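Working notes, beginning with the structure itself.
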Amino acid sequence: MPPSLTLLLHTPPPPFFLTRCSATPTTTATATASCQSLTILRKTMDRLAGNARLMIVSDLDHTMVDHHDPDNLSLLRFNALWESNYRGDSLLVFSTGRSPTLYKELRKEKPMITPDITILSVGTEITYGNSMVPDDGWVEFLNQKWDRNIVAEETSKFTELKLQAETEQRPHKVSFYVQKDKAQEITKALSKRFEERGLDVKIIYSGGMDLDILPQGAGKGQALAYLHKIFKAKSKLPKNTLVCGDSGNDAELFTIPDVHGVMVSNAQEELLQWHAANAKNNPKVIHATERCAAGIIQAIGHFNLGPSTSPRDVTDLSDSKMETFDPAYEVVKFYLFYERWRRAEVENSELYLANLKAVCSPTGNFVHPSGIEKPLHDCVSSLRTCYGDKQGKQFRVWVDQVLPVQIGSDAWFVKFKKWEQSGEERQSCLTTAVLSSKDVSVAEGLTWMHVHQTWLEGAGPNSNTNWLF
Ligand code: GLC
Ligand code: MG
């Protein structure tokens, strides 16, 4: 059956968190977040009606991102699940060992959505929002009892330590490569040296090759504990937190009180050994049978943290048993259909186009990023000529930060970023759409009234673009 493109929705939440900048988060472990970072954090929170339903704190390399899957399928499945079911009322936190430089590189390489909070450089840097505003309170806290010069001086005496790239050396992180068979012995010797010099540091071995030296109060777990304290002080502790990881620097995430945890199936030996020695009997931590992001989805289902079926796993998208209108799901579903249509993964049926037209207002218009305006119905008709034009090719479409706002009793304004990747080429548009539930049932789905797109900075058109929607 062709999809009818019916949609559901969550009620858009009213703002909360209306504290003034002078009101700083009270945390025992730390100084306070700066005014600017608090403002961004508050903005992030503004879209949550209450406490986040779910906070996912996930490592990136070999956890959210599978470097052995050139099609990025599990990541794309996670993205569709998050944007359709969680974006509006939950929090996404990426927690990576990468520096800001390497994190930004990864974002260019892989189809990643945007997190609300980014924890970088093994929990030594916390940033908020799209503009990644750093939390200065965290920086100040880490400055206590830390002396980078002593770390540099002591480590230079070990010839087995090979310094990592300059980008990965950060104010509160000094990183090396060490052979697996030498790691334990070197860690011990280093700890002794630092102790003698009166420096309280944390040494973490990850991925069977990376050795990071950080202040004792830093690390992915400590950064999460800090965030929890900020949220708690505002009575906004997420209802559930799920931590996800694969390697040594993720271990301490699993020690934070009350969190659920998933070690993805492809977890490194060092994490599994740590788990066997320290968390074996904790029923809130599982070792997934699925790799990377598929393991995260598996954990959401296992712990009953919310919906765990990605729209990408639904073949017949008309089959969804919606109970309410849901603009976010509508958007995800539309672009999934669009991808499948161009990849010829759905039947080349006129019925699909008729159904699409049925959910587009006959008077509705589409403003193409080039500035050309066309009736929505004409855009649907133009799909006819591009059926299967991406068949057998690397072609993927995903949406990021799908945020609907209800603007009337039967109307929603939805803003999102739409990405399209074709081979090596990537393009993205900031998209706004108005959807209406006037004179339609939930089963029929929302009506698209208007769509407007603008090229995202740096992700604009290439010479022969065939961007359609
Ligand atoms: C990332 C960082 C590296 C670090 C490693 C383990 O790969 O780029 O500096 O050592 O994570 O934490
Ligand atoms: Mg990892």
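In what follows, every heavy atom counts, from backbone to side chain, and hydrogens, waters and symmetry copies are set aside. All values reported here derive from a predicted model rather than from experimental measurement. Whatever order the structure lists them in is the order used to number ligands and atoms, beginning at 1.
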Supply the atom-to-atom distance N249 CG to E270 CD, rounded to the nearest 0.5 angstrom. 8.0 Å
Would you say that more than 12 heavy atoms from the other residues, nucleotides or ligands in this model lie under 6.0 Å from the CD of E196, or not? yes
Check ligand 1 against E168 and write out every atom of the ligand that is under 4.0 Å from a heavy-atom position of the residue. 2 (C), 8 (O), 9 (O)
Using a 4.0 Å cut-off to any heavy atom of V122, which atoms of ligand 1 qualify? 12 (O)
N or O contact, D212 vs ligand 1, cut-off under 3.5 Å: yes
Please check: side-chain N/O of D66 versus main-chain N/O of H62, any donor-acceptor pairing under 3.5 Å? no
Does CG in D258 sit with more than 12 non-hydrogen atoms of other residues, nucleotides or ligands closer than 6.0 Å? no
Would you check, one step at a time, whether the test ring pair (Phe, Tyr, Trp, His ring centres under 6.0 Å) holds for F416 with Y335? CA-CA 12 Å; F416 56 96; Y335 282 104; 5.8 Å; yes
Heavy-atom donor-acceptor pair, E252 side chain to K220 backbone, under 3.5 Å: yes
Nearest to atom 3 (C) of ligand 1, what protein heavy atom do you find, and at what distance? Q164 OE1, 3.1 Å
Judged by modelled atom types alone, do H275 and N282 share a side-chain donor-acceptor pair under 3.5 Å? no
Could you tell me the residue and atom name of the protein heavy atom closest to atom 7 (O) of ligand 1, and the distance to it rounded to 0.1 Å? D210 OD2, 4.1 Å
Quick one: which ligand 1 atoms are inside 4.0 Å of a heavy atom on R98? 1 (C), 2 (C), 8 (O)
If we number the atoms of ligand 1 from 1 as shown, the ones under 4.0 Å from a heavy atom of K173 are 3 (C), 9 (O)
For atom 11 (O) of ligand 1, grab the closest protein heavy atom and report residue, atom and distance to one decimal in Å. G97 CA, 3.5 Å
If you count the atoms of ligand 1 from 1 in the order shown, which ones are under 4.0 Å from a heavy atom of S175? 9 (O), 10 (O)
Atoms of ligand 1 less than 4.0 Å from N249 heavy atoms? 6 (C), 12 (O)
Out of curiosity, R148 CZ to L199 CG, how far, rounded to the nearest 0.5 Å? 12.0 Å
Between OD2 of D59 and O of D61, what angle is found at the Mg ion (ligand 2), rounded to 10 degrees? 80°
Quick one: report the N, O or S atom of D246 that is nearest to the Mg ion (ligand 2). OD1
